[in-house]
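For reference, the structure is listed below as structure tokens.
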Amino acid sequence: MSDEPDPQGVKEKLIRTKEQWAKAGRGLTGTTADHKERRPPGQRVTEDFPVLDLGIQPNLSQAEWSFSVGGQVANQIKWDWTAFMAQPQVTLTNDIHCVTTWSRYDNEWKGVAMRTLLALAKPLPSVKFLMLKSYDGYSTNIPLADVDRDDVLIAHTWQGQPLARDHGGPVRLVVPPLYFWKSAKWLRHITFMDQDQPGYWEARGYHMRGDPWKEQRYG
Ligand SMILES: Nc1nc2c(c(=O)[nH]1)N[C@H]1C(S)=C(S)[C@@H](COP(=O)(O)O)O[C@H]1N2
Ligand SMILES: [Mo]
């Protein structure tokens with residue numbers, strides 16, 4: 001598995017622009033909000049569902065998709081589509097907040113709860129962080145505490161329809177407490193780690209955690 005996206009395929013201009021935004025602190029209001037506030041500071045609500053990625057959209061059928069879990073866990077996991085769909089399924093409705101300042105409310109997802117995966121994999125007590133790896137070469141890091149929650153899931157369905165390819169189908173992560181760049185599309189692998197490491201955007205000026213209510217856009 002390559003650790004970086006194929007430079008041939010990526011949208012260089014978009015990546016440079018987002019690096020500039022991080023340097024300039026674009027979108028920062030300098031305020032924070034309590035999590036009781038539905039809308040995080042500096043966000044505006046949209047009804048659209050914009051597509052944001054590096055420009056490489058893997059074309060994976062359900063049969064071609066597989067997913068694995070490794071690193072500091074008691075049990076490594078490897079799921080093909082059938083094994084994934086055999087897990088207990090949940091339906092959750094939540095809000096998403098993109099660091100480029102749009103938010104979209106009331107997204108209905110179906111999939112496997114992150115807590116189901118955690119209960120099976122059993123991260124060792126040393127684990128504090130996860131690294132997510134995707135089929136387009138994308139990666140992102142997340143604190144364990146931000147996924148060990150009832151509202152985090154590995155999703156295959158959005159608004160009653162199979163998750164579209166451009167939104168990360170067949171399978172993506174959905175992590176509502178953090179900016180949406182942490183919600184890896186075309187999910188391929190999760191590594192459990194005791195030390196934090198930057199993923200794709202975190203290595204390009206974006207925050208290691210990314211709490212929208214604290215405006216952790218850049219860092
Ligand atoms: N694999 C992968 N996941 C990704 C990305 C990406 O480029 N590749 N982009 C992230 C970013 S920056 C955002 S804002 C959301 C966008 O998800 P959407 O296209 O479904 O709106 O996906 C995140 N997950
Ligand atoms: Mo994003």
Side-chain angles (χ1 to χ4, degrees), residues 5 10-11 14-55 92-109 111 114 128-134 136-155 158 163 166-168 171-187 190 193 196-219:
V10 301
K11 292 179 195 153
L14 172 122
I15 292 162
R16 296 292 91 79
T17 302
K18 285 183 83 172
E19 284 178 336
Q20 271 314 118
W21 290 350
K23 286 204 187 87
R26 179 183 180 272
L28 289 174
T29 66
T31 55
T32 61
D34 194 276
H35 277 247
K36 288 195 294 284
E37 301 280 337
R38 187 170 191 186
R39 187 165 55 88
Q43 296 296 111
R44 64 188 166 75
V45 178
T46 177
E47 310 254 302
D48 310 330
F49 191 5
V51 170
L52 277 114
D53 53 52
L54 305 175
L92 296 174
T93 299
N94 55 41
D95 300 345
I96 56 189
H97 308 289
C98 177
V99 72
T100 63
T101 73
W102 58 269
S103 292
R104 191 182 192 285
Y105 288 171
D106 294 323
N107 300 276
E108 191 205 79
W109 309 95
M114 190 65 188
K128 296 278 185 298
F129 304 96
L130 283 64
M131 183 65 79
L132 313 175
K133 300 247 167 106
S134 296
D136 59 344
Y138 185 79
S139 59
T140 188
N141 55 312
I142 308 190
L144 176 62
D146 287 317
V147 298
D148 189 4
R149 302 168 44 116
D150 284 330
D151 59 353
V152 177
L153 83 163
I154 307 168
W158 177 76
L163 186 61
D166 55 357
H167 288 298
V171 176
R172 79 177 301 162
L173 198 71
V174 179
V175 189
L178 301 179
Y179 283 119
F180 205 37
W181 90 78
K182 301 285 186 176
S183 291
K185 310 201 279 191
W186 312 291
L187 184 63
I190 300 178
M193 319 182 291
D196 206 4
Q197 276 178 41
Y200 188 86
W201 286 120
E202 295 82 8
R204 289 166 175 80
Y206 286 77
H207 200 277
M208 291 294 269
R209 176 157 182 243
D211 179 338
W213 289 268
K214 296 194 174 127
E215 272 209 319
Q216 294 173 340
R217 298 178 190 277
Y218 316 111

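Along the sequence shown, residues carry numbers from 1.
Here the side chains of Arg172 and Leu187 are not in contact, with every heavy-atom distance at 4.5 Å or above. Here the side chains of Trp201 and Val99 are not in contact, with every heavy-atom distance at 4.5 Å or above. Side-chain contact check for Lys185 versus Leu163: every heavy-atom pair is 4.5 Å or farther apart. Counting heavy atoms from C-beta on, the side chains of Ile96 and Ser103 never come closer than 4.5 Å. Between Gln43 and Pro212 there is no side-chain heavy-atom pair separated by less than 4.5 Å. Taking the side chain as every heavy atom from C-beta outward, Asn94 and Trp109 approach each other to under 4.5 Å. Proximity of Cys98 to Leu52: side-chain heavy atoms (C-beta onward) are separated by under 4.5 Å at one or more points.
Between Arg209 and Asp146 there is a salt bridge, with a side-chain nitrogen of the basic residue lying less than 4.0 Å from a carboxylate oxygen of the acidic one.
How far CG of Leu130 is from CD of Gln197: 11.5 Å, rounded to the nearest 0.5 Å. Taken from CZ in Arg104 to OG1 in Thr46, the straight-line distance is 8.0 Å, to the nearest 0.5 Å. The distance from the CG atom of Leu54 to the CD1 atom of Ile15 is 5.0 Å, given to the nearest 0.5 Å. Atom CD1 of residue Ile154 and atom CE of residue Met114 lie 5.5 Å apart, to the nearest 0.5 angstrom.
Across every non-hydrogen atom of Asp53 and Trp186, the tightest pair is OD2-CH2, 3.5 Å. Here the closest non-hydrogen pair linking Ala22 and Gly205 is CB-O, 3.6 Å. Among all heavy-atom pairs drawn from Phe129 and Pro143, the shortest one is CD2-CA, 3.8 Å. Nearest heavy atom pair, residue Gly111 against residue Leu153, reads N-CD1, 3.6 Å. Shown here for Pro41 and Thr29, the closest heavy-atom pair between the two residues is CB-OG1, 3.7 Å.
Under the ring pair (Phe, Tyr, Trp, His ring centres under 6.0 Å) criterion, Phe49 pairs with Trp158, His167, not counting sequence neighbours. Residues passing the side chain to side chain contact (heavy atoms under 4.5 Å, CB included) test with Leu28, sequence neighbours excluded: Glu215, Arg217, Tyr218. In terms of the side chain to side chain contact (heavy atoms under 4.5 Å, CB included) criterion, residue partners of Lys182 (sequence neighbours excluded) are, by chain and number, Thr140, Asn141, Ile142, Leu178, Glu202. In this view, Tyr179 and Trp181 satisfy the ring pair (Phe, Tyr, Trp, His ring centres under 6.0 Å) rule, not counting sequence neighbours. A search for salt bridge (Lys or Arg N to Asp or Glu O under 4.0 Å) contacts involving Arg204 returns Glu4, Glu19, not counting sequence neighbours. Not counting sequence neighbours, Asp48 has no partner by the salt bridge (Lys or Arg N to Asp or Glu O under 4.0 Å) test. Listed by chain and residue number, nothing satisfies the salt bridge (Lys or Arg N to Asp or Glu O under 4.0 Å) test with Lys128 (two or more places apart in sequence, or in another chain). Every residue was checked against the side-chain hydrogen bond (donor to acceptor under 3.5 Å, both in side chains) condition with Trp21, not counting sequence neighbours, and none meets it. Applying the side chain to side chain contact (heavy atoms under 4.5 Å, CB included) test to Leu14 and every residue at least two apart in sequence or in another chain returns Lys11, Lys18. By the salt bridge (Lys or Arg N to Asp or Glu O under 4.0 Å) test, Arg38 is found to be paired with Asp95, Asp106, residues two or more places apart in sequence or in another chain being considered. Phe180 is linked by a ring pair (Phe, Tyr, Trp, His ring centres under 6.0 Å) to nothing, counting only residues two or more places apart in sequence or in another chain. Evaluation of the ring pair (Phe, Tyr, Trp, His ring centres under 6.0 Å) rule for Trp213 yields His35, His97 as partners, not counting sequence neighbours.
Within a 6.0 Å radius of CZ in Arg39, other residues, nucleotides and ligands contribute 12 heavy atoms or fewer.
A donor-acceptor pair under 3.5 Å is absent between the side-chain atoms of Ser139 and the main chain of Lys133, judged by distance alone.
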